[in-house]
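Comments concern the structure below.
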Amino acid sequence: MSKRCIEAVKTLIIALLMFSAVFLAVKSELYNGLILSVPALSQIAGELSASRKTASYAEGRPVISSAAVPVYVVVTSKYGDHCAIKYDGSALNAFYGRISGLLGEVLTLSSKPEEVGEEEWRLALSSVGLFLDFDNPLPLSSVIKSGDSKISGDRAANSVRRLCIASYQNRVYLYFINESDKIIYRALTTVGQTTLAAYLSEYLPNGANFAFEMGQSYKDVDPYAVLMKTTKVFSASAVNPLYDKITKEKILEQFGINSLLGWQYYESSGSFSFVTEQYTLRINSDGSVSYRVTGSASTSLLKIKSAGPVPADYEVLESARNLVLATVGSVCGSASLQLTGFEYEADKKSGTLTFDYYVNGIPVKTSPYRHAATIGIVGSRITSVQLFFRNYTLLESLEKVMPERQAAVLVSPYKEPALLYLDDGKGRLEPSWTEK
């Protein structure tokens with residue numbers, strides 16, 4: 001064999017070894033730190049990721065909780081114009097179903113976050129990428145099922161409402177704002193530019209803008225509010241489903257209660273109480289239900305499923321979500337249930353989670369105000385539950401509402417317009433603008 005042939009074979013072997021290492025890194029995540037640190041490897045990894053079908057993300061290890069679905073999303077093209085999905089529950093769910101695997105990979109396979117300035121954040125929002133707004137600050141550790149994530153395990157990500165995945169200087173970064181101190185962070189991802197572009201290519205601009213892009217008329221509005229050109233809101237109705245769509249026996253069953261092992265009390269108003277020495281459960285005729293442990297936390301029938309002695313944030317959320325879906329979520333009709341509050345400290349082994357109704361991507365505020373569900377945690381048990389059963393129907397007729405951009409100029413300084421449905425118990429949901 002000639003010397004030239006030998007050198008060619010050596011070069012081919014080196015190339016194959018390098019390719020194999022990158023391939024293993026993509027598949028097993030063992031060499032994630034190496035990929036992030038070497039731009040050439042990062043780009044190759046990105047191209048490998050792009051070659052996989054979208055469905056393969058769902059089969060991978062990163063898992064995202066469906067309790068935390070963004071309320072608004074914005075896709076930005078290479079020209080800097082935007083396609084926003086807002087006030088459209090079915091479109092939001094379809095979009096999130098498409099990109100949730102990508103988000104899971106980003107949150108799992110990214111470097112440790114570092115602080116950046118507002119100028120770079122705004123540049124990211126105007127670059128090829130994806131912006132997500134969860135409407136309420138949440139710890140990213142509750143969103144993703146992964147103990148290895150450098151993002152969700154970092155204190156910088158303990159209160160995140162808005163995040164962005166964007167191309168910047170030939171790399172793809174995750175950006176987010178910590179709502180507690182308003183510091184902006186970024187983390188380098190293993191996602192390639194081709195992969196990111198493939199997820200966004202089919203979305204066409206629809207005239208949406210961030211407030212900071214819209215000139216002096218909107219200078220006092222929250223700069224990262226997403227403002228649509230048109231505001232379309234459908235009519236909706238509400239009823240109390242208690243006893244009609246869900247029975248007392250079904251509620252007892254979801255709490256794991258044996259009706260023979262306690263005392264039952266009925267009231268003339270239609271309310272019902274079930275009492276034992278360890279806990280009480282009360283079902284009120286207005287659709288509200290309360291469960292409270294009266295003894296030690298260990299006596300609760302509701303145990304959090306956990307792989308370790310102390311539940312991780314994701315495990316707490318999933319156990320709470322399963323209970324919420326089995327109760328209020330089973331009869332909520334056209335509504336969806338969104339995680340709106342997560343305050344849990346593993347070292348203190350206690351916390352509170354709240355869920356609220358959203359109809360077609362619009363939050364519902366009841367009068368008097370009550371969350372759809374409030375879940376109290378002590379140790380590895382759910383020790384208190386407050387539920388408010390409502391059943392919502394989205395109608396085909398449209399409501400007359402002030403356009404969003406007009407509502408924006410009326411808000412207080414550095415606030416944003418917020419559309420909601422008011423549920424006063426009279427059957428019809430009233431769309432109304434407020435601010436946040």
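Quick caveat, the model's predicted, so the values are computed rather than measured.
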Quiz item: Do you see a donor-acceptor pair shorter than 3.5 Å between the side chains of Glu318 and Ser65?
Solution: yes

Exercise. Over all heavy atoms of both residues, which pair between Ala156 and Asn178 is shortest? Give the atoms and the distance, please.
Key: O-ND2, 2.7 Å

Quiz item: Quick one: are Thr231 and Val233 in side-chain contact, heavy atoms under 4.5 Å?
Solution: yes

Practice problem: Report yes or no: does Tyr185 contribute a side-chain atom to a donor-acceptor pair with the main-chain N or O of Ile151 at less than 3.5 Å? | Solution: no

Exercise. Return yes if some donor-acceptor pair links the side-chain N/O of Thr294 with the main-chain N/O of Gln278 below 3.5 Å, else return no.
Key: yes

Quiz prompt | Polar side chain donor-acceptor pair, Glu404 to Tyr87, under 3.5 angstrom | solution = yes

Quiz prompt | Crowding at NZ, Lys229 (>12 non-hydrogen neighbours, <6.0 Å) | solution = no

Self-check item: Tyr96: ring pair (Phe, Tyr, Trp, His ring centres under 6.0 Å) partners, not counting sequence neighbours
Solution: none

Quiz prompt | From Asn136 atom CG to Leu339 atom CG, the distance as rounded to the nearest 0.5 Å | solution = 8.0 Å

Practice problem: Indicate yes or no for a side-chain donor-acceptor contact from Ser300 to the backbone of Ala297 under 3.5 Å, with no hydrogens or angles considered. | Solution: no

Quiz item: So, are Glu416 and Arg161 salt-bridged, with charged N and O less than 4.0 Å apart?
Solution: yes

Exercise. Kindly say whether the aromatic ring centers of His371 and Tyr357 come within a distance under 6.0 Å.
Key: no

Practice problem: For Thr327 and Val324, indicate whether the former's side chain and the latter's backbone hold a donor-acceptor pair under 3.5 Å. | Solution: yes

Quiz prompt | Whether Arg405 side chain and Met228 backbone form a donor-acceptor pair below 3.5 Å | solution = yes

Self-check item: Short side-chain to backbone donor-acceptor contact, Thr189 and Val191, under 3.5 Å
Solution: yes

Quiz item: Going by atom types alone, do Arg282 and Ser273 pair a side-chain donor with an acceptor below 3.5 Å?
Solution: yes

Exercise. Check for a donor-acceptor pair, side chain of Gln406 on one end and backbone N or O of Pro403 on the other, with a separation under 3.5 Å.
Key: no

Quiz item: Considering residues, nucleotides and ligands other than Lys365, do more than 12 of their heavy atoms fall under 6.0 Å from its NZ?
Solution: no

Practice problem: Compute whether any side-chain donor of one residue and acceptor of the other, for Arg122 and Tyr224, lie under 3.5 angstrom apart. | Solution: yes

Quiz item: Do the side-chain N and O atoms of Asp313 and Ser142 include a donor-acceptor pair separated by under 3.5 angstrom?
Solution: no

Quiz item: Is the ring centre of Phe255 less than 6.0 Å from the ring centre of Tyr291?
Solution: yes

Self-check item: Residue pairs passing the salt bridge (charged side-chain N to carboxylate O under 4.0 Å, His left out) test where at least one lies in residues 369-392, sequence neighbours excluded
Solution: Asp286-Arg370, Arg390-Asp423

Quiz item: Any donor and acceptor pair, going by atom type alone, linking the side chain of Gln264 with main-chain N or O of Ser259 inside 3.5 Å?
Solution: yes

Exercise. Kindly determine whether Thr354 and Thr340 satisfy side chain to side chain donor-acceptor pair (under 3.5 Å), including the steps that lead there.
Key: CA-CA 6 Å; Thr354 59; Thr340 53; 3.1 Å; yes

Self-check item: Any side-chain donor near an acceptor of the partner, Ser235 and Glu399, under 3.5 Å
Solution: yes

Quiz item: Considering residues at least two apart in sequence or located in another chain, which fulfil the ring pair (Phe, Tyr, Trp, His ring centres under 6.0 Å) criterion with Phe234?
Solution: none

Quiz item: Between the main-chain N or O of Asp220 and the side-chain N or O of Lys415, is there a donor-acceptor pair closer than 3.5 Å?
Solution: no

Quiz prompt | Any donor-acceptor N/O pair, Asp154 side chain to Ala157 backbone, under 3.5 Å | solution = no

Quiz item: Out of Ile246, Leu387, Ile251, which one pairs with Ile283 under the side chain to side chain contact (heavy atoms under 4.5 Å, CB included) rule?
Solution: Ile251

Quiz prompt | Any donor-acceptor N or O pair under 3.5 Å, side chains Ser152, Ser149 | solution = yes

